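Input: a single structure, listed below in structure tokens.
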Amino acid sequence: MWTLRAVVPVIFTFSLAFSAGAAESDALAISANIQARHMPFGTILDPINASPTSNQIIGYTRCGDSALWTGGYLAAESFRYSATHSASALNNVQTALAGLKSLVDVTGNDLLARCIVSANSSFAQGIESEEASNGIYQSPPNIWVGKTSRDEYIGVMFGLAVAYDYAGNAVQTDVSALVTRLVAFLMNHGWTIVMPDGTSTDTFLIRPEELLMLLQVAAHVNPAQFAPAYSNQRSTLSPTLVIPASVDISNNSSYFKFNLDYMSFYNLMRLENMNSAYAAAYAIVRGYTASHQNAFFDIIDRAIAGPNSARDAEFSGLLQQWLSRPARDTYVDLSKSVPVCGSEACQPVPVPQRPPTDFLWQRDPFQLTGGGSGVIESAGIDYILPYWMGRALGVLSAPTVQSAAAASAMVAPDSIASMYGSNLANTTAQASLPLTTNLGGITLNVTDAAGQTRAAPLIYVSPGQINFVVPSGTAAGAGSVTVGGRLGAGPTATATVQNVAPTLFSADGTGTGVAAASAIQVQAANPQLQGPVTVYQCTASGCASVPIRLGVDTPIYLSLYGTGIRNRSSLSNVQVTINGIAVPVLYAGPQPDFPGLDQVNVALTLQLRGAGESNVVLTVDGQPANTVTVNVQ
């Protein structure tokens with residue numbers, strides 16, 4: 001057998017298809033925590049812990065925005081269902097939908113409550129005290145919080161509209177019924193939010209874009225009842241939309257107004273994207289906020305305006321940065337750590353450093369101070385909502401495992417594999433020999449079909465890709481690959497393991513085109529006289545084959561490099577054809593210099609003379625590898 005050590009760097013230098021961004025496992029963990037700790041009465045609340053280091057819940061807070069963020073949670077789980085069709089996601093959708101319905105049922109007249117609390121709960125007294133200024137209403141066995149604002153309606157309608165279109169037919173009837181009740185109440189009260197005692201707490205008459213959005217969603221889910229009203233109001237109000245948009249961008253005060261703008265324009269634009277008045281008003285808001293480094297605004301813009309590589313890359317990066325934020329409200333003062341212009345930062349504060357809050361993307365990105373004593377735990381909807389929206393819109397991808405040589409989902413023990421995904425690592429690192437199971441603070445555990453877990457030797461780690469060697473002894477069948485070393489268990493991908501899973505490296509790393517191969521020429525009269533033969537060359541514009549010239553007295557032997565080959569049953573069960581012609585296979589097994597790398601040596605027979613650019617087809621134990629090429633003259 002012969003080897004060419006210079007080919008080993010191929011596995012490091014092939015083209016890397018990064019997919020930087022956020023991780024599914026983080027989103028799933030946040031959803032599970034929301035169900036366990038943030039929905040004591042069916043809608044979103046934030047727990048107050050006994051101390052910054054304790055998980056003992058001694059109270060709940062942020063009841064005043066429970067309707068708004070339950071709507072956000074409903075949207076997040078609806079996008080999740082669209083992306084995964086998970087039964088768990090659908091269950092969470094139905095739970096959130098039931099929670100929103102309870103906020104309408106509890107008032108007795110289809111008014112939306114801010115929050116609902118069981119009157120006999122040990123947490124009720126603290127919530128009543130905190131929300132006293134909003135008005136506490138009795139509805140045994142519950143109490144509810146009033147003084148409902150436009151914010152709550154906007155968040156709820158955002159969630160309901162997303163659920164109607166993304167969570168499947170199973171919830172559409174319930175969504176339509178709830179939207180009908182909410183919008184009919186507002187219409188019957190002149191688009192003013194009226195409490196049971198007759199006092200008005202807010203009105204949509206001053207925000208035409210929000211009024212139109214409410215009617216538009218209602219017409220979308222119940223056209224028979226609301227389409228005529230929407231058509232009439234659109235004719236009257238559309239020309240005025242630029243006015244509130246222009247007022248909003250005059251300053252950053254009450255920054256949450258932009259969050260409401262984006263929620264409103266999301267539906268206005270996606271349900272009627274040819275309306276020039278809507279587009280003009282949205283352009284004003286987007287033009288002002290596009291530079292604010294806001295992941296939620298970015299993904300809304302993706303839904304409205306379509307793909308944009310720079311914005312979409314920023315979106316993924318911002319979500320990745322979010323994972324470095326604390327879950328609790330630790331006080332932050334940046335006035336001496338970032339450049340300050342007046343009372344705010346001169347530039348948007350990096351996401352990990354921004355003051356804690358309930359929903360990061362509705363807060364001023366230039367804010368210098370904020371937070372509390374570290375006992376309030378935020379729900380994390382500011383992560384899962386843009387994350388699952390990104391998944392549903394195809395901006396983010398689920399983690400996958402495949403051969404490192406080509407796009408084959410099958411891997412084998414002792415083969416080189418790649419895991420692709422988002423936020424797999426916080427850094428980029430490349431291994432040196434000997435390989436270890438920890439690289440750049442990252443580990444990778446492979447659990448096989450028999451339930452055995454083994455640490456994988458790591459070759460390369462980055463946010464979007466990890467190259468590793470499937471551990472020896474991994475049983476065939478369905479397995480899983482889990483990233484570790486971040487904050488506990490990280491992203492997990494499924495893996496299909498076979499005893500052999502042959503794939504060949506190509507020169508450009510894509511698994512297609514000219515083979516990542518080497519060759520030697522031997523003097524027939526003196527086999528010890530050997531010389532290298534160039535098979536390919538690569539430049540900045542790509543890789544191309546170099547013709548191999550066959551001679552009668554100077555036989556040439558070709559080495560193909562791949563992975564998933566070494567466990568073949570016998571050498572006789574390894575076949576190679578070039579240009580459809582079978583060539584002698586002299587060796588098929590491990591390449592001795594690098595773990596997981598395999599080598600197949602073949603003799604180029606004189607029958608191949610003049611074949612030109614030719615397909616190379618390798619078959620191992622009846623399984624074909626990806627096709628690569630060589631050029632034979």
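Keep in mind the model is a prediction, meaning the values are calculated, not measured. Counting begins at 1 with the first residue of the sequence.
Within the model, atoms CD1 of Ile384 and CD1 of Ile30 stand 6.5 Å from one another, a figure rounded to the nearest 0.5 Å. In this structure, Gln623 CD and Asn573 CG are separated by 11.5 Å, a value rounded to the nearest 0.5 Å. The CD atom of Gln94 sits 11.5 Å away from atom CD of Glu77, with the distance rounded to the nearest 0.5 Å. Between the CD1 atom in Ile459 and the OG1 atom in Thr436 there is a gap of 11.0 Å [rounded to 0.5 Å]. Here Ser54 contributes atom OG and Ile48 contributes atom CD1; the two are 12.5 Å apart, rounded to the nearest 0.5 Å. To the nearest 0.5 Å, atom CG of residue Asp598 and atom OH of residue Tyr561 are 11.5 Å apart.
When each of Tyr383, Phe315, Tyr387, Trp361 is tested with Trp322 by the rule ring pair (Phe, Tyr, Trp, His ring centres under 6.0 Å), just one qualifies, namely Tyr383.
Salt bridge present: Asp46 and Arg62 bring a charged side-chain N and a carboxylate O closer than 4.0 Å. Ion pair Arg311/Glu314 not flagged as a salt bridge, since none of the NZ, NE, NH1 or NH2 atoms sits closer than 4.0 Å to an Asp/Glu carboxylate oxygen. Taking a cutoff of 4.0 Å between a charged side-chain nitrogen and a carboxylate oxygen, Asp414 and Arg566 do not qualify as a salt bridge.
Checked by atom type and distance alone, the side chain of Asp329 pairs as donor or acceptor with a backbone atom of Ile376 at under 3.5 Å. Between the side chain of Arg325 and the backbone N or O of Arg354 there is at least one donor-acceptor pair closer than 3.5 Å. Remark: the backbone N or O of Asp621 is not paired with any side-chain donor or acceptor of Arg568 at under 3.5 angstrom. Checked by atom type and distance alone, the side chain of Asn445 never pairs as donor or acceptor with a backbone atom of Thr453 at under 3.5 Å. Side-chain atoms of Thr289 never come within 3.5 Å of backbone atoms of His292 as a donor-acceptor pair (strictly under, hydrogens ignored). Using a distance-only test at 3.5 Å, with no hydrogens or angles considered, no donor-acceptor pair links the side chain of Ser324 to the main chain of Pro352. Side-chain N or O atoms of Ser506 include one that pairs as donor or acceptor with a backbone N or O of Gly511 at under 3.5 Å. The closest donor-acceptor contact from the side chain of Arg37 to the backbone of Pro47 lies at 3.5 Å or more, if one exists at all. No donor-acceptor pair under 3.5 Å is formed between the side chain of Thr70 and the backbone N or O of Thr43. Judged by distance alone, with hydrogens and angles left aside, the side-chain atoms of Ser66 form a donor-acceptor pair with the main-chain N or O of Ile44 at under 3.5 Å.
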Quiz item: For Ser559 and Asn601, what are the C-alpha separation, side-chain angles and deciding distance, and is it a side-chain hydrogen bond (donor to acceptor under 3.5 Å, both in side chains)?
Solution: CA-CA 4 Å; Ser559 291; Asn601 297 340; 2.8 Å; yes
Practice problem: Could you walk me through whether Leu444 and Val481 pass side-chain contact (heavy atoms from CB on, under 4.5 Å), step by step? | Solution: CA-CA 7 Å; Leu444 202 68; Val481 180; 3.5 Å; yes
Practice problem: Before giving the answer on side-chain contact (heavy atoms from CB on, under 4.5 Å), spell out for Ile57 and Glu377 the whole-Å C-alpha distance, their side-chain angles and the decisive distance to 0.1 Å. | Solution: CA-CA 10 Å; Ile57 298 174; Glu377 175 187 285; over 6 Å; no
Quiz prompt | From CA spacing to verdict: side-chain contact (heavy atoms from CB on, under 4.5 Å), Asn308, Asp301 | solution = CA-CA 9 Å; Asn308 176 287; Asp301 190 64; 5.8 Å; no
Practice problem: Before giving the answer on side-chain contact (heavy atoms from CB on, under 4.5 Å), spell out for Asn626 and Ser408 the whole-Å C-alpha distance, their side-chain angles and the decisive distance to 0.1 Å. | Solution: CA-CA 8 Å; Asn626 54 301; Ser408 169; over 6 Å; no
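Looking only at side-chain heavy atoms (C-beta outward), Gln353 and Val332 stay at 4.5 Å or farther from each other. Taking 4.5 Å as the limit, some side-chain heavy atom of Ser316 sits within range of a side-chain heavy atom of Leu396. Between Leu433 and Pro595, some side-chain heavy-atom pair lies under the 4.5 Å cut-off. Contact of the Thr330 side chain with the Pro52 side chain is not registered, since no non-hydrogen atoms from C-beta on lie closer than 4.5 Å. Side-chain atoms of Trp69 and His38, non-hydrogen and from C-beta on, never get closer than 4.5 Å to each other. Taking the side chain as every heavy atom from C-beta outward, Asp358 and Arg363 approach each other to under 4.5 Å. Here the side chains of Met389 and Val162 are not in contact, with every heavy-atom distance at 4.5 Å or above. At a threshold of 4.5 Å between non-hydrogen side-chain atoms, the residues Val497 and Asp448 do not count as touching.
Closest approach of Ile299 and Gly390 over heavy atoms only: CD1-CA, 3.7 Å. Pro413 and Thr474 get closest at one heavy-atom pair: CG-O, 3.2 Å. In plain terms, the two heavy atoms of Ala588 and Leu571 that are nearest each other are N-CD1, 3.7 Å. The shortest non-hydrogen separation linking Pro471 to Ala455 is CG-O, 3.7 Å. When all heavy atoms are compared, the tightest approach of Ala456 to Val446 is CB-CG2, 4.1 Å. Heavy atoms only, all atoms of each residue included: Leu319 and Pro386 are closest at CD2-CG, 3.8 Å.
Checked by atom type, the side-chain pair Asn438/Thr443 shows no donor-acceptor distance below 3.5 Å. For the residue pair Ser418 / Asn467, a side-chain donor-acceptor distance below 3.5 Å is found, with atom types taken as modelled.
A distance below 6.0 Å separates the ring centres of Phe359 and Phe296. Between Tyr262 and Phe297, a ring centre-to-centre spacing shorter than 6.0 Å is recorded.
At most 12 non-hydrogen atoms from other residues, nucleotides or ligands lie less than 6.0 angstrom from CD of Gln347.
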